[in-house]
> 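Quick one: structure below, then a few questions.
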Amino acid sequence: MKTICLIAALLWSSAISAQHDIGLDLGISRIYSSQMGSAIEYKFLPSGNFGAYYRFKPEESRSNLYVELMISQIEGNSYSEGIVTDADFNVIGESTFNTYYHITSISLPVYYGLQFKKIGFLLGAEISLPIYSAYNSRSEIPYNGSVETYTEQGSPLYIDVVHFNGRFGFEWLISDKLLLRATYSHGLNVITRQNGLPWRTQQISLGLRYSLMKKQSD
């Protein structure tokens, strides 16, 4: 019982002494397949994250631990083209296939950081729980001298219920209250196998953190 109370007290004191931040990241992301030989082009689109950030840093130490809780928005686009022929194998035109993907998740990144004066380096991992996903597509196919257009949309995507990502980045302390951060996130697990291809996510972001903690006087 004493051990449990001691652990609870340590956790409580750590939470009180932690630096509480809010922040916003803006960047680009994509959903892609790395399978060789694919004729599909995977494009980056604007994306972003918003949430609360907690930093646990012992006194007089370069090391620190970050825990985050945020809403993450991943956007992606796949584009492909193909040659269309008639019954005699004569080329009559080119078809295009364009699909946009949207994934909104609750994300829980954890970082280990090293701080050198105003510059810091981050290495961590993230678990994401998708709460919304959708797609919309547009296809253009030549037929009988004209171009037929087909559109489709749907929700949700047939993706895993849990996503795992590796993360690294760096940060720059602008002031006691403001911090600039750049991060890169790479999907570790295959979230789906659409058309037999293994799909993962990538995200590059740049953002600001604002500390809600009051600076303690000496």
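Note: hydrogens, waters and symmetry copies are ignored here, and every other heavy atom, side chains too, is used.
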> Find the distance between CG (N64) and CZ (F56) and round it off to the nearest 0.5 Å.
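Output value for this atom pair is 11.0 Å.
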> Any side-chain heavy atom of I71 sitting closer than 4.5 Å to one from I106?
yes
> Would you indicate whether the side-chain heavy atoms of I119 and W172 approach each other to under 4.5 Å?
yes
> If only atom types and distance count, is the side chain of Q115 paired as donor or acceptor with the main-chain N or O of K117 below 3.5 Å?
yes
> Quick check: is Y79 connected to Y100 through a chain of hydrophobic side chains (ILVMFWY, heavy atoms under 4.5 Å apart)?
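No; tracing contacts between hydrophobic side chains, which count when under 4.5 Å, never links both residues.
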> Are side-chain heavy atoms of I40 and L197 found at a separation under 4.5 Å?
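In contact.
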> Kindly determine whether E126 and T183 satisfy side-chain contact (heavy atoms from CB on, under 4.5 Å), including the steps that lead there.
CA-CA 12 Å; E126 174 187 31; T183 55; over 6 Å; no
> Taking the side chain as every heavy atom from C-beta outward, state whether I141 and V147 have any pair of such atoms under 4.5 Å apart.
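No, every pair of side-chain atoms sits at 4.5 Å or beyond.
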> For a quick test of reading the model, state the closest non-hydrogen atom pair linking L180 to G207 and the distance between them.
CD1-O, 3.4 Å
> Could you tell me if the side chain of N77 sits less than 4.5 Å from the side chain of R30, heavy atoms only?
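They are not in contact (no side-chain heavy atoms under 4.5 Å apart), so the answer is no.
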> Working to the nearest 0.5 Å, report the span between CG of L122 and CG of L65.
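Spacing of CG (L122) from CG (L65) equals 10.5 Å.
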> Among Y101, Y158, Y32, Y135, find the one that has a ring pair (Phe, Tyr, Trp, His ring centres under 6.0 Å) with W199.
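The option that passes is Y101.
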> For a side-chain hydrogen bond (donor to acceptor under 3.5 Å, both in side chains) with N49, tell me which candidate from Q73, E68, Q203 qualifies.
Q203
> To the nearest 0.5 Å, tell me how far L108 CG sits from S128 OG.
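Nearest 0.5 Å value for the CG-OG distance: 7.5 Å.
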> Which heavy atom of V161 sits nearest a heavy atom of P130, and at what distance?
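Distance-wise, the nearest heavy atoms are O-CD, 3.2 Å.
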> Given side chains that start at C-beta, do those of F168 and F121 come closer than 4.5 Å, heavy atoms only?
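Of all side-chain heavy-atom pairs linking F121 with F168, none is under 4.5 Å.
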> Is the count of non-hydrogen atoms from other residues, nucleotides or ligands lying under 6.0 Å from E148 atom CD greater than 12?
yes
> Show the numbers, then the answer: is there a side-chain contact (heavy atoms from CB on, under 4.5 Å) between N136 and T151?
CA-CA 7 Å; N136 56 284; T151 60; over 6 Å; no
> Is the shortest side-chain heavy-atom distance between L114 and S63 below 4.5 Å?
yes
> Go through it in stages, so that I can follow the logic: the residues are S211 and D21, the test is side-chain contact (heavy atoms from CB on, under 4.5 Å), and I'd like the CA-CA distance, side-chain angles, deciding distance and then a yes or no.
CA-CA 4 Å; S211 176; D21 302 336; 3.3 Å; yes
> At what distance, to the nearest 0.5 angstrom, does CD1 of I204 lie from OG of S29?
9.5 Å
> Taking all non-hydrogen atoms of both residues, which atom of S72 and which atom of S107 are closest, and how far apart?
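Here S72 and S107 meet closest at CB-OG, 3.3 Å.
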> Rounded to the nearest 0.5 Å, how far does OH of Y112 lie from CG of L123?
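L123 CG to Y112 OH: 10.0 Å, rounded to 0.5 Å.
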> Hey, any chance F170 and L178 share a hydrophobic cluster, counting ILVMFWY side chains that come within less than 4.5 Å of each other, even indirectly?
yes
> Just wondering, do P109 and Y66 contact through their side chains at under 4.5 Å, heavy atoms?
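No. Closest side-chain heavy atoms not under 4.5 Å.
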> Applying a strict under-4.5 Å side-chain criterion to I, L, V, M, F, W and Y, I'd like to know whether L24 and M70 cluster together.
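Different clusters: L24 never reaches M70 through Ile, Leu, Val, Met, Phe, Trp or Tyr contacts under 4.5 Å.
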> Please name the pair of heavy atoms, one in S137 and one in T99, separated by the smallest distance, quoted to 0.1 Å.
CB-OG1, 3.4 Å
> Which heavy atom in F97 sits nearest to a heavy atom in S139, and how many Å separate them?
CD2-OG, 3.3 Å
> Could you walk me through whether I191 and T201 pass the side-chain contact (heavy atoms from CB on, under 4.5 Å) test, one step at a time?
CA-CA 8 Å; I191 64 172; T201 62; 3.9 Å; yes
> Flag the pair D25 and R209 as a salt bridge only when some basic side-chain nitrogen lies within less than 4.0 angstrom of an acidic carboxylate oxygen.
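R209 and D25: salt-bridged.
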> At what distance, to the nearest 0.5 angstrom, does CG of D160 lie from CZ of R193?
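One finds 10.0 Å between CG of D160 and CZ of R193.
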> When clusters are formed by joining ILVMFWY residues with side-chain heavy atoms under 4.5 Å apart, either directly or through shared neighbours, do L26 and Y210 land in the same one?
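No; tracing contacts between hydrophobic side chains, which count when under 4.5 Å, never links both residues.
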> Looking at every heavy atom in both N189 and R200, which two are closest together, and how far apart are they?
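Distance-wise, the nearest heavy atoms are O-CG, 3.6 Å.
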> Hey, any chance F44 and I74 share a hydrophobic cluster, counting ILVMFWY side chains that come within less than 4.5 Å of each other, even indirectly?
no
